[in-house]
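So the structure is just underneath, and the comments pick up after that.
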2 protein chains.
Amino acid sequence: MVSKLRQDIAAKSESDGGTLGGLRMTKQRKLVYDVLMDERDHPTATEVYIRSKQRMSSISLATVYNCLETLSAAGLVKQVNVGRDASRYCPNLAEHAHFICAKCEQVFDIGLKSDKKVESVWALPIGARIDHLEVAMKGVCANCNGAGEELGGKG
Amino acid sequence: MVSKLRQDIAAKSESDGGTLGGLRMTKQRKLVYDVLMDERDHPTATEVYIRSKQRMSSISLATVYNCLETLSAAGLVKQVNVGRDASRYCPNLAEHAHFICAKCEQVFDIGLKSDKKVESVWALPIGARIDHLEVAMKGVCANCNGAGEELGGKG
DNA sequence: TTGAGATCAAGAATTATTCTAAATAAAATG
DNA sequence: CATTTTATTTAGAATAATTCTTGATCTCAA
């Protein structure tokens, strides 16, 4: 059902307007969404703003925030939080965790092992309703780890 | 080894000063730590500040931030982040996740099921080093769920 | 075309947090 | 014990991300 939604959005992206699941697909919203899809590197709101401005110079930062918020609320993108850093945004709707490298600051999507479920390891509180689960990891990526460590790089 | 550390801190808390694993246990640091131990409800820095001020009226917010940062770095407390909310602090050193209720805003510690490991469900990137893993859940707690829903409360 | 409601833009406001600089306290040295 | 050194605390300024406000603009439906 997620991929069905994807197709619908792609279709909308072709045209000029229309709605999507009650969400009006305005030029700005489409643009922001396209920016996220084009380079799936978990940009921050400011980075999305910079990229969006290259294609629509009139767009404002506030609008980018609005769009990201709207798209998140509609379930079309995910807001990614790692520690206290600025939020990042991600159009990968599959269940996944995030790993950020403390050196190069790249963010990686971490998928579930097949047949595994996140909730399976936690002693969840009985009677509670879990609406949202976020898993964030910080460390050093394979590339930065080992390689370059002795060069005394930035981190 | 964690509980050994605990005892040491408790001991220090009795006396006036001393060091602990290279960490100088100043009045302020002890106070902040005691505040966290006395009411283990995951207070924010501001809440810790308010409680600390009741016992040492001269303490400043900056110092509370300093102490929380120092204690976190020393591994004596954990900084808890859920979404974009203000950080909360927790002296529970066991591996656990956090669940925050969107209605009453209470934070619950969620333990691992016995014999389970967090990493077991994730397809971790080969060659990367994971230093830190944080699991945050949001939803409605057992108490707020079911009870009170029809009363049209705040959230 | 017109009116209502949604969305956008610009900039002000807010909030949590960090930084800075001076004052104080504690530890080390003689 | 007096002095020097170093770490910590304090108060307030600064920062950064995000949200809010207001007026303008757009879109939809009649």
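Throughout, a chain's letter reflects where its sequence line sits, starting with A, and its residues are numbered from 1.
Remark: C1' of C/dT17 and CD of B/Gln79 are 10 Å apart, rounded to the nearest angstrom. Following rounding to the nearest Å, A/Leu68 (CG) and D/dA17 (P) show an atom-to-atom distance of 14 Å. Between A/Ile59 atom CD1 and C/dT7 atom P there is a gap of 14 Å when expressed in whole angstrom units. Between the C1' atom of C/dT7 and the CG atom of A/Leu23 lies a distance of 11 Å, rounded to the nearest Å. As a whole-Å value, the separation of A/Asn66 CG from D/dC26 P is 17 Å. Nucleotide C/dA27 holds its P atom 13 Å from the CE atom of B/Met25, rounded to whole Å. A straight line from OH of A/Tyr33 to C1' of C/dT7 spans 20 Å, rounded to a whole angstrom. Following rounding to the nearest Å, A/Met56 (CE) and C/dT7 (P) show an atom-to-atom distance of 15 Å.
In this structure, the nucleotide among D/dT8, C/dT17, D/dC20 sitting nearest to the side chain of A/Ala62 is D/dC20. Proximity note for B/Ser87 (side chain, C-beta onward) versus C/dT17, C/dA9, D/dT8: the nearest is C/dT17. For B/Ala45, the listed nucleotide lying nearest its side chain is C/dT17; candidates were C/dT17, D/dT10, D/dT8. For B/Ser58, whose side chain is taken as the heavy atoms from C-beta onward, the closest listed nucleotide among D/dT27, D/dT10, D/dT8 is D/dT10. Nearest to the side-chain atoms of A/Arg24 among the listed nucleotides C/dT17, C/dG5, D/dA11 stands C/dG5. Here the side chain of A/Lys27 is nearest to one of C/dT17, D/dT18, D/dT27, namely D/dT27. The side chain of A/Arg29 lies closest to C/dT7, out of D/dA17, C/dA9, C/dT7.
Ring planes of A/His98 and A/His42: perpendicular class, angle over 60° (limits at 30 and 60°).
Side chain of B/Asn145 to backbone of A/Gly127: a donor-acceptor contact under 3.5 angstrom is found. The backbone N or O of B/Arg84 lies less than 3.5 Å from a partner atom in the side chain of A/Arg84, making a donor-acceptor pair.
By the side chain to side chain contact (heavy atoms under 4.5 Å, CB included) test, B/Leu112 is found to be paired with A/Val121, A/Trp122, B/Glu95, B/Val118, residues two or more places apart in sequence or in another chain being considered.
Map B/Leu61 and B/Arg84 each onto its nearest nucleotide of DNA chain D; the residue landing nearer the 5' end is B/Leu61.
Classification of A/Lys78 and A/Asp109 as a salt-bridged pair fails, no side-chain N sitting under 4.0 Å from a carboxylate O.
OP1 or OP2 of D/dT10 has at least one side-chain nitrogen or oxygen of B/Gln28 nearer than 4.0 Å. Residue A/Thr63 has a polar side-chain atom (N or O) positioned under 4.0 Å from OP1 or OP2 of C/dA9.
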